[in-house]
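Naming convention: chains lettered A, B, ... in sequence-line order (proteins, then strands); numbering from 1 in each chain.
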Amino acid sequence: MSQVPTNTSRMEKVVSLCKRRGFIFQSSEIYGGLNGFWDYGPLGSELKRNVKELWWQAMTRFRDDIVGLDASIIMHPQIWKASGHVDTFADPMVDCLLTKKRYRADQIEPQSGVIYFYTGARAADTELNEPYSVLLAAGKPAESARKVAKQYYALRGIADAELLGETTEKAENTTAYNPENGSLFTPPQMFNLMFKTYIGAAESSENIAYLRPETAQAIFVQFKNVVDTARQKVPFGICQIGKAFRNEINPRNYTFRSREFEQMELEFFIKPEEIVEKQHGTVATPDGTPAGTEPQPNWGWEVWHKYWVEQRLNWYESIGLPRESLELFFQPKEELAHYARACVDILYKFPFGTQELEGIAARGNFDLTQHQTHSGKSMEYFDQEAAAKYVPHVIEPSAGVDRLLLALLCNAFDEEEVTDEKGKSETRIVMRLHPRVAPIKVGIFPLLKNKPELVSKAIEVRDLLRPHMNVFYDETGAIGRRYRRQDEAGTPFGITIDFDTIGENGPEFEGTVTLRHRDSMKQERVKISELLAFLLPQIR
RNA sequence: GCGGGUGUAGCUCAAUGGUAGAGCGGUAGCCUUCCAAGCUACUUACGAGGGUUCGAUUCCCUUCACCCGCUCCA
């Protein structure tokens with residue numbers, strides 16, 4: 001498995017296979033495609049269903065303390081006011097007029113000094129009346145401002161310019177100039193990342209609504225309803241899988257950053273530390289808590305946070321992403337959003353770089369409090385055991401489904417040299433997807449198509465397995481070709497119905513099939529009656 | 001959004017200012033007793049729009065998409 005930071009050719013092979021085998025297609029391809037949107041083909045949609053199903057199971061079915069939610073994508077616009085998305089989910093951007101580099105306007109260091117204004121420039125045969133200005137630190141020679149200005153006009157086609165209309169002015173704490181070279185920036189442009197739409201027929205400002213930029217807010221907004229109906233006590237969680245939309249400035253890296261994507265989010269509500277302390281006398285910290293322990297009532301938020309990081313890492317391993325393909329990134333305190341207490345990202349080593357799959361944030365009670373303030377409805381929870389009312393705090397593991405699929409596909413992709421009995425070597429492409437996520441669990445092949453006994457027996461086996469797993473029946477072409485086709489689809493098992501199966505080579509083999517393993521290409525004989533018992537534990 | 005690159009069949013690639021070809025694949029048939037065998041037939045493309053031209057896949061412009069770098073990113 002490649003550990004090279006960027007590996008373009010490997011990524012290209014993955015992309016090509018995804019298209020060839022029907023994992024991922026470009027959205028609206030016959031109309032030329034649409035930037036930032038992707039579709040999942042037959043194999044991709046199965047893969048995606050499996051991943052979401054496994055997450056849902058791990059979160060809700062195998063736990064008593066988490067329940068599900070499936071909320072609408074368009075919600076009351078006030079929600080996005082309360083969450084801060086309307087105001088802060090927009091980045092003001094500026095471009096340097098000289099270098100064309102783009103910066104976030106709110107991250108420009110304010111500068112003071114002298115501004116040199118020009119009205120234009122003139123060369124032997126041309127003149128350009130386009131104002132431009134340069135900021136110089138106090139005391140620097142005017143000549144360096146002129147040098148920058150000449151570079152600027154040279155870019156505009158006025159070489160060796162004579163600068164026109166130079167004036168100067170003092171400036172304090174301006175962010176309109178590039179600190180690196182003094183050049184003027186373009187005026188700030190706002191990029192709000194939320195998709196806007198209108199509810200009802202009239203496109204007026206009162207009808208503005210947004211496609212949700214994250215699924216989390218729906219959980220906070222429905223917190224009270226869930227508390228009232230689900231018979232859960234804090235600590236408990238609400239989870240949701242669903243689409244979210246962000247009008248990315250620059251979608252990149254295949255499906256990694258798309259404008260429409262799917263999230264799997266959990267909001268796990270916990271007691272504020274003062275309540276824990278009141279009830280138990282002490283608050284457990286990560287240092288005093290052995291890894292992998294069951295949740296305890298005296299846990300503080302830091303232990304819960306660590307607990308969820310470990311839970312999530314274990315889950316990724318359980319679906320086939322090895323621990324060494326993942327990295328943890330602890331966001332430094334100074335880079336955290338104002339409401340967050342801590343955030344750990346789980347990163348995967350993609351061929352195009354190590355990138356985030358999931359963020360696990362400790363968000364305090366920011367969100368519930370915000371909605372309490374904006375809606376005027378109490379978000380307080382009455383804790384009978386503690387005899388106290390409080391707004392719960394929250395730990396938020398938030399994962400991107402599409403990113404995860406891409407990670408699984410990149411991780412599974414493998415090329416190996418195989419040598420046949422005649423000594424001829426060739427490249428085998430195999431998707432080593434974990435059986436749990438594999439789109440097709442087992443391929444079922446009659447050894448020969450023109451032998452009715454083999455075909456009918458194969459169909460019998462297909463119908464035996466079909467209620468329990470996704471099977472693929474294939475009778476065309478040579479058996480080796482059918483195996484290799486399934487290798488690219490990531491199908492972990494192949495079952496071949498041969499002449500042993502129908503008893504032609506002795507009664508001791510009757511009712512057995514060839515079971516072929518994708519990864520090792522090894523074959524073994526298994527009784528049809530034992531197939532389910534063999535396969536089920538591996539795919540669940 | 002800026003700069004660079006690329007767009008020809010499902011994939012990988014070729015050729016050409018005179019109307020596109022291969023390999024692999026796919027489909028159907030024959031054959032075939034375990035790892036992409038063979039034979040036959042079929043299938044499918046110049047990203048889109050405009051211009052120059054008698055004629056454009058080829059030259060020019062615009063646009064769209066993808067890739068790389070910058071930028072951004074929950």
Stem regions touching RNA chain B, defined by at least 3 consecutive Watson-Crick or wobble G-U pairs below 3.5 angstrom: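 Counting only runs of 3 or more consecutive pairs, the stems involving RNA chain B are B:1-7 with B:64-70, B:10-13 with B:21-24, B:25-30 with B:38-43, B:47-51 with B:59-63.
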
We want to know whether [X] and [Y] form a side-chain donor-acceptor pair, criterion being a heavy-atom distance below 3.5 angstrom.
{"X": "A:Glu265", "Y": "A:Thr215", "value": "yes"}
{"X": "A:Gln111", "Y": "A:Thr174", "value": "no"}
{"X": "A:Tyr483", "Y": "A:Thr496", "value": "yes"}

For atom [atom1], what is the distance between [N] and [M], given to the nearest Å?
{"N": "B:A56", "M": "B:A20", "atom1": "P", "answer": "14 Å"}
{"N": "B:U12", "M": "B:U8", "atom1": "C1'", "answer": "12 Å"}
{"N": "B:G47", "M": "B:A37", "atom1": "P", "answer": "32 Å"}
{"N": "B:G17", "M": "B:C59", "atom1": "C1'", "answer": "8 Å"}

A:Asp474 bridged to A:Arg482 by N-O distance under 4.0 Å: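 No.
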
Nearest-Å distance for atom pair [atom1]/[atom2], residues [X] and [N]:
{"X": "A:Phe509", "N": "B:U33", "atom1": "CZ", "atom2": "C1'", "answer": "14 Å"}
{"X": "A:Glu417", "N": "B:C35", "atom1": "CD", "atom2": "C1'", "answer": "15 Å"}
{"X": "A:Arg481", "N": "B:C39", "atom1": "CZ", "atom2": "P", "answer": "12 Å"}

Using a 4.0 Å heavy-atom cut-off across all strands, classify [X] as base, sugar-phosphate, or nothing.
{"X": "A:Arg482", "answer": "nothing"}
{"X": "A:Gln523", "answer": "base"}
{"X": "A:Gly36", "answer": "sugar-phosphate"}

Of all the nucleotides listed (B:C70, B:U27, B:C11), which has the minimum atom distance to the side chain of A:Arg252?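 Selected nucleotide: B:C70.
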
Nucleotide nearest A:Asn253 (side chain, heavy atoms from C-beta), chosen from B:U32, B:C68, B:C70: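 The answer is B:C68.
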
Counting only side-chain N and O atoms of A:Asn450, is one of them less than 4.0 Å from OP1 or OP2 of B:C30?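 No, A:Asn450 has no side-chain N/O under 4.0 Å of OP1/OP2 on B:C30.
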
A:Phe223 ring center within less than 6.0 Å of A:Phe269 ring center: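 For A:Phe269 and A:Phe223, the ring centres are under 6.0 Å apart.
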
A:His517 versus A:Leu515, closest heavy-atom pair with distance: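 That would be NE2-CD2, 3.9 Å.
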
Quick check: any donor-acceptor pair below 3.5 Å linking the side-chain of A:Gln486 to the base of B:A36?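 Such a pair does not exist between side chain and base.
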
